[in-house]
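Right, one structure below, let's go through it.
Index from 1, following the sequence. Since we're looking at a predicted model, the values are computed, not measured.
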Amino acid sequence: QVHLVESGGGLVQAGGSLRLSCAASGRTFSDYPMAWFRQAPGKDRELVSCINWSGGSTYYAHSVKGRFTISRDNAKNTMYLQMNSLKPEDTAVYYCAAKATYTSAACYTRYDYWGQGTQVTVSS
């Protein structure tokens, strides 16, 4: 079982930066691929970025590539999302997720554990 808690959201002006954190409990955190999703009002949840168990393989949605960086520190049971050059269209609730698998891929179509979400609001 993995329990996930996001933090680091807030209100920022366009062009600014935020760093989201996802703290995980459970000794298997370091084995699991992880991901960041977001959901804007009235829109479907979308995959933002994902990372494999070691951090050696990552993926970014086209809309955030070059601006966001996903990383993880398995010793601290924490995953991060560094968000730079934020745009108003990045406004959403951001969720972290974990996939209970021991395979090496970065991304999956379904995830088993989810955090409660953290709000990111980017003003123009």
Side-chain angles (χ1 to χ4, degrees):
Q1 188 76 14
V2 176
H3 182 58
L4 304 174
V5 179
E6 302 95 336
S7 62
L11 174 63
V12 64
Q13 289 188 333
S17 298
L18 283 174
R19 188 176 82 154
L20 304 184
S21 298
C22 173
S25 63
R27 63 182 180 87
T28 54
F29 169 82
S30 61
D31 296 331
Y32 289 169
M34 304 281 293
W36 288 99
F37 287 79
R38 67 185 181 187
Q39 187 167 20
K43 295 187 177 182
D44 292 335
R45 185 169 58 194
E46 63 172 346
L47 175 66
V48 174
S49 182
C50 41
I51 188 168
N52 76 335
W53 70 273
S54 69
S57 179
T58 59
Y59 165 84
Y60 298 93
H62 177 73
S63 58
V64 306
K65 197 167 187 177
R67 300 188 297 122
F68 290 11
T69 302
I70 192 171
S71 62
R72 64 190 297 165
D73 185 337
N74 288 341
K76 295 182 178 180
N77 279 7
T78 304
M79 176 180 66
Y80 304 98
L81 186 68
Q82 178 67 43
M83 305 186 295
N84 298 330
S85 302
L86 283 161
K87 304 175 181 179
E89 51 263 45
D90 294 318
T91 295
V93 178
Y94 284 71
Y95 299 90
C96 66
K99 175 70 175 178
T101 183
Y102 296 98
T103 55
S104 61
C107 302
Y108 295 83
T109 54
R110 297 184 68 178
Y111 285 78
D112 301 296
Y113 304 104
W114 293 85
Q116 83 291 347
T118 186
Q119 176 70 47
V120 171
T121 303
V122 184
S123 63
S124 57

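Side-chain atoms of Thr103 and Tyr108 include a donor-acceptor pair closer than 3.5 Å. For the residue pair Ser17 and Asn84, a side-chain donor N or O sits within less than 3.5 Å of a side-chain acceptor on the partner.
For residues 50-81, the pairs satisfying disulfide bond (SG atoms under 2.5 Å apart) are Cys50-Cys107, with sequence neighbours left out.
By the 30° and 60° cut-offs, the orientation of the rings of Tyr113 relative to Tyr32 is parallel. Using bins of under 30°, 30° to 60° and over 60° for the plane-to-plane angle, the ring pair Phe68/Tyr94 lands in the tilted bin.
Listed here is the closest heavy atom pair of Gly117 and Val93: CA-CG1, 3.8 Å. Asn52 and Ala105 get closest at one heavy-atom pair: CB-O, 3.5 Å. Taking each heavy atom of Ser124 and Pro88 in turn, the nearest pair found is CB-CG, 3.8 Å. Contact record, Val120 with Gly9: CG2-CA, 4.1 Å, taken as the closest heavy-atom pair. Across every non-hydrogen atom of Ser85 and Asp90, the tightest pair is O-OD2, 4.4 Å. Shown here for Trp36 and Ile70, the closest heavy-atom pair between the two residues is CD1-CD1, 3.7 Å.
When atom types are taken as modelled, the side chain of Ser63 and the backbone of Ala61 share no donor-acceptor pair closer than 3.5 angstrom. No donor-acceptor pair closer than 3.5 Å links the side chain of Thr118 to the backbone N or O of Ser7. When atom types are taken as modelled, the side chain of Arg19 and the backbone of Gln82 share no donor-acceptor pair closer than 3.5 angstrom. Of the possible donor and acceptor atoms, one in the side chain of Glu6 sits under 3.5 Å from a partner among the backbone N and O of Cys96. Of the possible polar contacts, one joining the Ser49 side chain to the Tyr59 backbone as a donor-acceptor pair under 3.5 Å is found. With hydrogens and angles disregarded, no donor-acceptor distance shorter than 3.5 Å links the side chain of Asn77 to the backbone of Ala23.
In this structure, Arg72 forms no cation-pi arrangement with Tyr80, as its terminal cationic atom is not both closer than 6.0 Å to the ring centre and no more than 45° off the ring axis.
Residues Tyr60 and Ile51 share a single hydrophobic cluster, defined by chaining ILVMFWY side chains whose heavy atoms lie under 4.5 Å apart. Grouping the Ile, Leu, Val, Met, Phe, Trp and Tyr side chains by contacts below 4.5 angstrom, directly or via other members, places Tyr95 apart from Leu86. The hydrophobic clustering, which links ILVMFWY residues whose side-chain heavy atoms are closer than 4.5 Å, places Leu20 and Val12 together. Hydrophobic clustering of Ile, Leu, Val, Met, Phe, Trp and Tyr side chains at less than 4.5 Å, counting indirect connections, unites Leu47 with Trp114.
The environment of Gln116 atom CD is dense: over 12 non-hydrogen atoms of other residues, nucleotides or ligands sit within 6.0 angstrom.
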* Hey, mind stepping through Val48 and Leu81 against side-chain contact (heavy atoms from CB on, under 4.5 Å) and telling me if it holds? -> CA-CA 10 Å; Val48 174; Leu81 186 68; 4.3 Å; yes

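A 4.5 Å side-chain heavy-atom check between Arg67 and Lys87 finds at least one atom pair inside the cut-off. Met34 places a side-chain heavy atom less than 4.5 Å from the side chain of Leu4.
Judged as a salt bridge (Lys or Arg N to Asp or Glu O under 4.0 Å), and not counting sequence neighbours, Glu89 has no contacts.
For the atom pair CZ of Arg38 and CD of Gln119, the computed distance is 12.0 Å after rounding to the nearest 0.5 Å. Between the OH atom in Tyr111 and the CZ atom in Phe37 there is a gap of 5.0 Å [rounded to 0.5 Å].
Aromatic pair Trp53/Tyr102: ring centres not closer than 6.0 Å.
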